[in-house]
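In what follows, a structure is listed as structure tokens, so that the remarks can point back to it.
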Amino acid sequence: MSVKGAMKVDFYRHDLGPAQASDVAAVLASPFLTTGRVCREVEDQLREYFSIPHAVLCNSWTNGALAALLALGIGPGDEVIVPAQTFIATANVVTLAGANPVFADVDPETLLMRPADAAKRITSRTRAIMPVHLYGQMADMVGFQQLAATAGGGAKIWLIEDAAHCFEGMREGYLPGQKGDAAIFSFYATKNVTCGEGGAIVLHDADFHKKVLEARLHGMSALAVDRFAAGRYNHWDMMRLGTKANLPDLLAALLPGQIKTIKARLPRRAEIAARYRDAFADGPLRMPKQLAGQVSAEHIFPVAVADPAQRDVALTAVNVAGIGVTVNYRAVPDTTFYKTHSPMALEANPVSVAWGRSTFTLPLFPSLNRVEQDYVIETVKRQVYPILD
Ligand SMILES: *Cc1c(COP(=O)(O)O)cnc(C)c1O
């Protein structure tokens, strides 16, 4: 649905092209299309970029996170604390592993889960906390480190960072994964680094790494490339229950070039986000507070109306003008499934629920040009501001 003669602005456009085609062609010319040399190359890049000893590529954030939970033996009877304001996948992997996601509310200004929010949800069954680096800003991992170290009463509480859309983030000098036990990234179609579908885990502990490698591939003790190493068949065993989370080289081939140039591409995102922040600074829309002393990955640009009843009117007005919009995110306890699964969570997380009912997201990607962004800003001011008066 769009107004005749209106400009069209996509919600997102990737900027991969012919340069990547030859990288994919090189994989096509090799005997195995799945996990192999290219994945190892990307894992080396990730270990170096984050200065973390181990990296494991996955076919999505979701499957990588599930493999990590299986590797840790987190399942029935266990609890994992997740923010109520995040993408549903953060909670779903806990549920899929058979454990219980326990929702914590978030800071009303940044929308990030704080250590103090998570601390209220700790019980004797808490096995892990999954802070989310939301919209590009990092959660307070030093605070979470202190909480995990003191709250378990001697039992280990694992810190698994949902860094799905925060590859470039930095907070007080540290990067995703550096303070937690692991950080998990997504290379889904709209993320800052993408191969259509994909993900990665960076982690510190050698034993955890070995178990994640097994849990990533059915629980098998060797990858296909290793089973045929040196031209001979090598037997494998099944060590634990695993899933199928390995990334094929065919997709991984899209990643090395993007990771090499990641820092050069961030300023364009930051420039677009800063222009939006300037343009809307004195208007009626709320925007997540930007923390000092941090680098945001500027993944998406959410805004919120004051009254949830006006959200869909505002969103539709932008949409009808030909601009792609989404909602990031309806609070997880505000979905039909979790209303049944965790019936107490809706009332227990009012900040997340209110934000999720009031927010919508504007286009933000490096090739969004001036004319397009001006059109978005003008449309919001002309079509949305009057609704909010
Ligand atoms: C995109 C995203 C995920 C899921 O990533 P997939 O690779 O699609 O599984 C999880 N958490 C957050 C915060 C995300 O933005």
Side-chain angles (χ1 to χ4, degrees), residues 11-12 14 39 42 46 55-70 80-97 101 103-104 106-107 110-113 128-139 141 144 159-169 176-177 180 182-202 212 215-216 243-248 251-252 254-255 258 269 288 296-302 326-335 338 352 355-356 359-361 364-365:
F11 178 70
Y12 183 83
H14 73 78
C39 282
V42 176
L46 295 173
V56 179
L57 273 190
C58 298
N59 55 16
S60 68
W61 181 97
T62 301
N63 286 337
L66 180 58
L69 294 176
L70 292 173
V80 177
I81 298 172
V82 300
Q85 177 48 242
T86 179
F87 181 55
I88 48 172
T90 320
N92 284 355
V93 292
V94 179
T95 309
L96 284 168
F103 296 99
V106 296
D107 178 357
T110 63
L111 288 316
L112 293 167
M113 178 174 71
I129 303 172
M130 294 181 63
V132 177
H133 302 320
L134 197 70
Y135 304 139
Q137 294 202 102
M138 282 184 68
M141 290 311 302
F144 278 110
L159 271 184
I160 313 284
E161 300 171 41
D162 180 342
H165 59 235
C166 191
F167 194 101
E168 307 98 312
I184 309 176
F185 301 94
S186 172
F187 303 135
Y188 172 68
T190 60
K191 310 290 178 172
N192 296 11
V193 176
T194 180
C195 59
E197 300 285 354
I201 309 173
V202 292
V212 165
R216 183 183 65 162
T243 180
K244 187 65 164 47
N246 60 306
L247 187 71
L251 290 178
L254 297 171
L255 298 172
Q258 292 178 71
R269 299 189 92 93
S296 171
E298 301 289 10
H299 173 57
I300 45 185
F301 200 87
T326 63
V327 170
N328 304 96
Y329 303 91
R330 173 139 60 119
V332 185
D334 205 7
T335 59
Y338 282 105
S352 301
W355 174 263
T359 187
F360 61 99
T361 305
L364 166 57
F365 51 88

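Whatever order the structure lists ligands and atoms in, that order sets their numbers, starting from 1. Just so you know, residue 1 is the first one in the sequence shown, and it goes up from there.
- Near ligand 1, heavy-atom contacts under 4.0 Å come from Ser60, Trp61, Thr62, Thr86, Phe87, Ala89, Thr90, Val132, Asp162, Ala164, His165, Ser186, Tyr188, Lys191, Gly198, Tyr329.
- Listed by chain and number, the residues in a salt bridge (Lys or Arg N to Asp or Glu O under 4.0 Å) with Asp107 are Arg114 (sequence neighbours excluded).
- For Tyr135 and Thr110, the side-chain atoms include no donor-acceptor pair closer than 3.5 Å.
- Asp162 and Thr90 share a side-chain donor-acceptor pair at under 3.5 Å.
- For the 3.5 Å distance criterion, the side chains of Tyr329 and Asp334 fail to qualify, holding no donor opposite an acceptor.
- In this structure, the side chain to side chain contact (heavy atoms under 4.5 Å, CB included) partners of Asn192, at least two apart in sequence or on a different chain, are Glu168, Arg269, Ala297, His299.
- Legend: residues meeting side-chain hydrogen bond (donor to acceptor under 3.5 Å, both in side chains) with Thr361, ordered by chain and number and at least two apart, are Asn328.
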